[in-house]
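All remarks here apply to the structure that follows.
Numbers restart at 1 for each chain; the letters A, B, ... are given by sequence-line order, proteins then strands. These values consider heavy atoms only, across backbone and side chains, with no hydrogens, waters or symmetry-generated copies.
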Amino acid sequence: MPGAWTLVWSELRAAVAAALDAAGFATPERLARLDFAIPRDPSHGDWTTNFCMLVAKEAGQSPRAIADAIVKHFPADHPMIGAVEVAGAGFLNFRYRDSFTASLPARILAAGEAFGRSDFGAGEKIIVEFVSANPTGPMNIVSARAAAVGAAIVSVLNAAGWQAASEFYVNDAGNQVDLLGASLKARFRARIGEDGTLPEGGYQGEYLATLAAELPEAEARAALASDDAAWWRAQALERMIAWQQRDLARYGVTFDRWFRESELHLSGAVDETKRALDQRGVTYLSVKPLGVSEAAQARVDSEEGASAGDAPATWLKTHDQGDDMDRVIVRADGRPTYLLPDIAYHRDKRDRGFRRAINLWGPDHHAYVTTLTSALKALGLEDDFLKVQIVQYVKLMQGDEEVKMSKRLGQFETLADLVEEVGSDCARFFFLQLSSNAHLKFDMEKAKERSDKNPAFYVQYAHARCCSLARKGAERGLTAETGDSAPLTAAEEVALVRKLSTFPEVVRGAAAAREPHRVPTYLMELSAELHRYYHNCPVLKAEPAVARHRLRVHDAARQVLSNGLALMGVSAPERLDREEEAEA
RNA sequence: GCGCCCGUAGCUCAAUGGAUAGAGCGUCAGCCUCCGGAGCUGAAGGUUACAGGUUCGAUUCCUGUCGGGCGCACCA
């Protein structure tokens, strides 16, 4: 199958494992440590492994002796690898055959949009929950970061062979939604000239006035007359969710499912979860927690406010599972705390067949990570079922000044503002460049500049340049080479093609580590290689055979840039309008 | 007080425990009779906060110190 691309990593691993077996050196423990990486320095080959050094001590042999054994049993006629060398302290370096390297552009183009995809994840079902902002206001800039990162994680997982689904959890069951409804009601009253005083702790944002203006007036007046709190609640909730969905859609982020907390209450899943916990014997009735770490004990003793009088609540034994103290799941008055539906929600995820769950949370919830994972262990889910990743704050800067955000005060930079001012391509590229658990300073002034200071353009420009070259070539009757490839000669060409070939490995690594920022990092490096090649190896001015060969290399680069940007949710335009021309 | 995250070039940030720690921006010096100069080439810029430890090897893992951020409710 000409379109198929097999991970070189997999091929290499199989070949070396076979060599180890032939040498009588293979054990399951050793094979588990067999991994390959792409060396930074090209002089170290196309692939390298540190395996020999890792197992030398345990095997009682020198790294070199092990390396020699592998070299001896490695197939001399391997279709990809032409040379295996022992280097340094015991590295084993692998080099592609020239014929294989030369065939790479054609292979990449044959794979097309599928280049970069692999079956590494073996179809494991995984659910990625992100943003999950409360439906009490428009999307803010932290949600924008989480949305970009979450969507990219889903993309790279699916590309690398997992079956990943995206989900947005809507907290629509809490009293905050009641408060939101009451706030909307006040805004409506203000609009029709009545007393529009907001309720205690109500939401002050202007967006509620906007929503109030959109309400069907007759219905709203009727709800006001009959004091129908449920109507206000439902109106506020549904309109707020629709707003969030609209903002996210404009940003290019959609979810496979918007899961509502209320579903869990209505279906009885919350009660069922409570019973399941009771049956496992991990709950108890008490006024104070029984399982408490030493450090938390002082807090329990000092805070009388924590308990509602002397009535006993239902506690969950999370302390046994690593939490610093047990947690209440049902209050003394019989209402569940937020923890119980959260447990029910993750139980539901597992029941839907997901083997793993990834949650992206804001840093204000990081203390809750241990509590929830402990609770899920108490429920009996696999220890590695839930993995919470913290997406750190975005510090929004206007030049040197920090812009403070507060949803309740209605003072924040929204996702919609960001998309309008910066564009979703720049915003998403910007967010994805950084590892998600690092703090991020987002300078609006700088991001707004449509100039060479904006890194997103660098990659898009590289793509547009490839497209332009193909167009110009076609005008002159030059099309990309097909069939067998001429050998690669120029150093810039070898470097570029080598870089192109590593894309599937980058995607695999990004998916396995759930680190989508590796993709833009790679695309920046690739673009630099491409620009170097372009400057040093003229295409259309070369003799036709060379020109057609270089056109194919550029086309392969275009394909990889396009595939990479697609994973990021960033567009790959075939042309970029130039600012100078636009102004002229 | 306890816990989590972070500390890498002037700034923003990279670097599955690997070989000489890299980009972008900024600064300085060059490159358009030429396929898109939103580009390329070169220079300067580092005790990876500090001190120990683990090992063939540490920016990466462990302990401590310092500095910054965040969190510690029968709120979500």
Side-chain angles (χ1 to χ4, degrees), chain A residues 35-41 43-44 48 50 53-54 56-57 63 87-91 93 134 136 171 173-176 261 287 293-296 298-299 303 305-309 311 313-315 324-325 327-333 335-339 341-342 362-370 390 392-393 395 430 433-435 437-443 446 450-455 457-458 460-462 464-465 467-469 471-473 476 478 509 512-513 515 517-518 520-521 524-525 527-528 531-532 534-536 538-542 547 550-551 554 575-576 578-580:
Chain A
D35 198 3
F36 300 85
I38 296 163
R40 194 164 24 216
D41 184 345
S43 72
H44 295 142
T48 184
N50 57 3
M53 291 178 284
L54 292 179
K57 180 179 270 187
F91 292 100
N93 296 338
N134 288 330
T136 53
N171 285 111
N175 51 22
Q176 54 175 351
E261 182 189 348
V287 174
S293 73
E294 236 173 87
R299 204 165 70 231
E303 292 185 19
S307 66
T314 305
W315 296 79
D324 66 344
M325 63 182 285
R327 304 287 168 170
V328 172
I329 53 171
V330 180
R331 298 181 179 90
D333 63 12
R335 292 176 305 133
T337 63
Y338 56 88
L339 179 56
D342 275 356
D364 50 334
H365 289 79
H366 76 243
Y368 185 48
V369 174
T370 311
I390 300 296
Q392 290 289 347
Y393 280 123
K395 200 177 272 187
F430 213 109
Q433 265 189 299
L434 313 179
S435 85
N437 71 347
H439 301 252
L440 163 65
K441 280 186 190 170
F442 196 115
D443 189 339
K446 207 155 208 170
R450 312 217 122 237
S451 73
D452 55 354
K453 286 175 189 164
N454 212 320
F457 289 141
Y458 184 76
Q460 289 186 320
Y461 177 66
R465 185 176 249 181
C467 294
S468 168
L469 207 46
R471 282 195 303 269
K472 288 271 165 49
R476 302 180 192 190
L478 285 168
E515 289 184 355
H517 73 270
R518 294 183 190 192
T521 300
M524 291 287 284
E525 292 166 358
S527 299
H531 289 310
R532 261 193 288 280
Y534 175 91
H535 272 268
N536 292 306
V539 178
L540 303 182
K541 288 189 300 185
R550 290 178 177 171
L551 275 173
H554 273 94
R575 302 167 190 270
L576 287 180
R578 303 176 66 172
E579 199 167 62
E580 300 90 323

### Task
Determine, stepwise, if the pair A/E261 / A/Y338 fulfils side-chain contact (heavy atoms from CB on, under 4.5 Å).
CA-CA 10 Å; A/E261 182 189 348; A/Y338 56 88; over 6 Å; no
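Comparing B/G53 with B/A14, their C1' atoms are spaced 27 Å from each other, to the whole Å. Distance check on atom P: B/C31 versus B/G69 gives 47 Å, rounded to whole Å. Distance noted for atom C1' between B/G52 and B/U16: 27 Å (whole Å). Comparing B/A44 with B/C11, their C1' atoms are spaced 16 Å from each other, to the whole Å. Taking atom C1' in both B/C25 and B/U33, one finds a spacing of 33 Å when rounded to whole Å. Comparing B/U55 with B/G18, their C1' atoms sit 13 Å apart, to the nearest whole Å. Spacing of P atoms, B/A29 relative to B/U65, comes out at 49 Å, to the nearest Å.
A/A37 comes within 4.0 angstrom of a base, heavy atoms only. Base contact: A/P538 has a heavy atom under 4.0 Å from a base atom. Heavy atoms of A/T521 sit under 4.0 angstrom from primed sugar atoms or phosphate atoms, though from no base atom. Among the atoms of the strands shown, base atoms are found under 4.0 Å from some heavy atom of A/H535. Among the heavy atoms of the strands lying under 4.0 Å from A/Y534 is at least one base atom, whether or not backbone atoms are also near. Among the heavy atoms of the strands, none lies under 4.0 Å from A/N536. Residue-level contact check: A/T48 touches the bases, meaning some heavy atom is under 4.0 Å from a base atom. Contacts of A/N171 with the nucleic acid, taken as non-hydrogen atoms under 4.0 Å apart, involve only primed sugar atoms and P, OP1 or OP2.
Proximity of A/K541 to the phosphate of B/C35: no side-chain N or O atom is located under 4.0 Å from OP1 or OP2. Taking 4.0 angstrom as the limit, A/R331 places a side-chain polar atom (N or O) nearer than this to OP1 or OP2 of B/A76. At B/C40, one or more side-chain N or O atoms of A/Y458 fall inside 4.0 Å of OP1 or OP2 (strictly under the cut-off). Distances shown here put every side-chain N or O of A/R40 at or beyond 4.0 Å from the OP1 or OP2 atom of B/G22. Side-chain nitrogen and oxygen atoms of A/K57 include at least one within less than 4.0 Å of the OP1 or OP2 phosphate oxygen of B/C56.
Going from atom CG of A/D342 over to atom C1' of B/C75 covers 12 Å, rounded to whole Å. Atom pair A/L434:CG and B/C11:C1' shows a separation of 14 Å (rounding to whole Å applied). If you measure from atom CD of A/E515 to atom P of B/U60, you get 16 Å, rounded to the nearest angstrom. One interatomic measurement links the two molecules: NE2 of A/H366 to C1' of B/C5, which rounds to 7 Å at whole-angstrom precision.
With distances taken from any side-chain atom of A/H517 to the nucleotides B/C74, B/A14, B/C35, the minimum falls on B/A14. Listed nucleotides: B/C4, B/C75, B/A19. Nearest to the side chain of A/A87: B/A19. Here the side chain of A/R518 is nearest to one of B/C74, B/C35, B/U16, namely B/U16. The side chain of A/F91 approaches B/A19 more closely than any other nucleotide in the set B/A19, B/C35, B/C40. Listed nucleotides: B/C74, B/G36, B/C40. Nearest to the side chain of A/H531: B/C40. When the nucleotides B/A76, B/C5, B/A15 are ranked by their closest atom to the side chain of A/E261, B/A76 comes out on top. Proximity note for A/L469 (side chain, C-beta onward) versus B/G36, B/C74, B/C35: the nearest is B/C35.
Salt bridge A/R335/A/D333: present, at least one basic N to carboxylate O contact under 4.0 Å.
Aromatic stacking is not marked for A/H365 over B/G71, as the cut-offs of 5.5 Å for the centres and 30° for the planes do not both hold.
A 4.5 Å side-chain heavy-atom check between A/Y534 and A/R465 finds at least one atom pair inside the cut-off.
Pairing each heavy atom of A/V539 with each of A/A547, the nearest pair is O-CB, 3.2 Å.
Residue side chain A/D324 does not reach the base of B/G3 through any donor-acceptor N/O pair under 3.5 Å, judged by distance alone. Remark: the A/N93 side chain and the B/A19 base include a donor-acceptor N/O pair separated by less than 3.5 Å.
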### Secondary-structure notation, RNA chain B, from Watson-Crick and G-U pairs under 3.5 angstrom (| other strand)
(((((((..((((....[...)))).(((((.......))))).....(((((..]....))))))))))))....
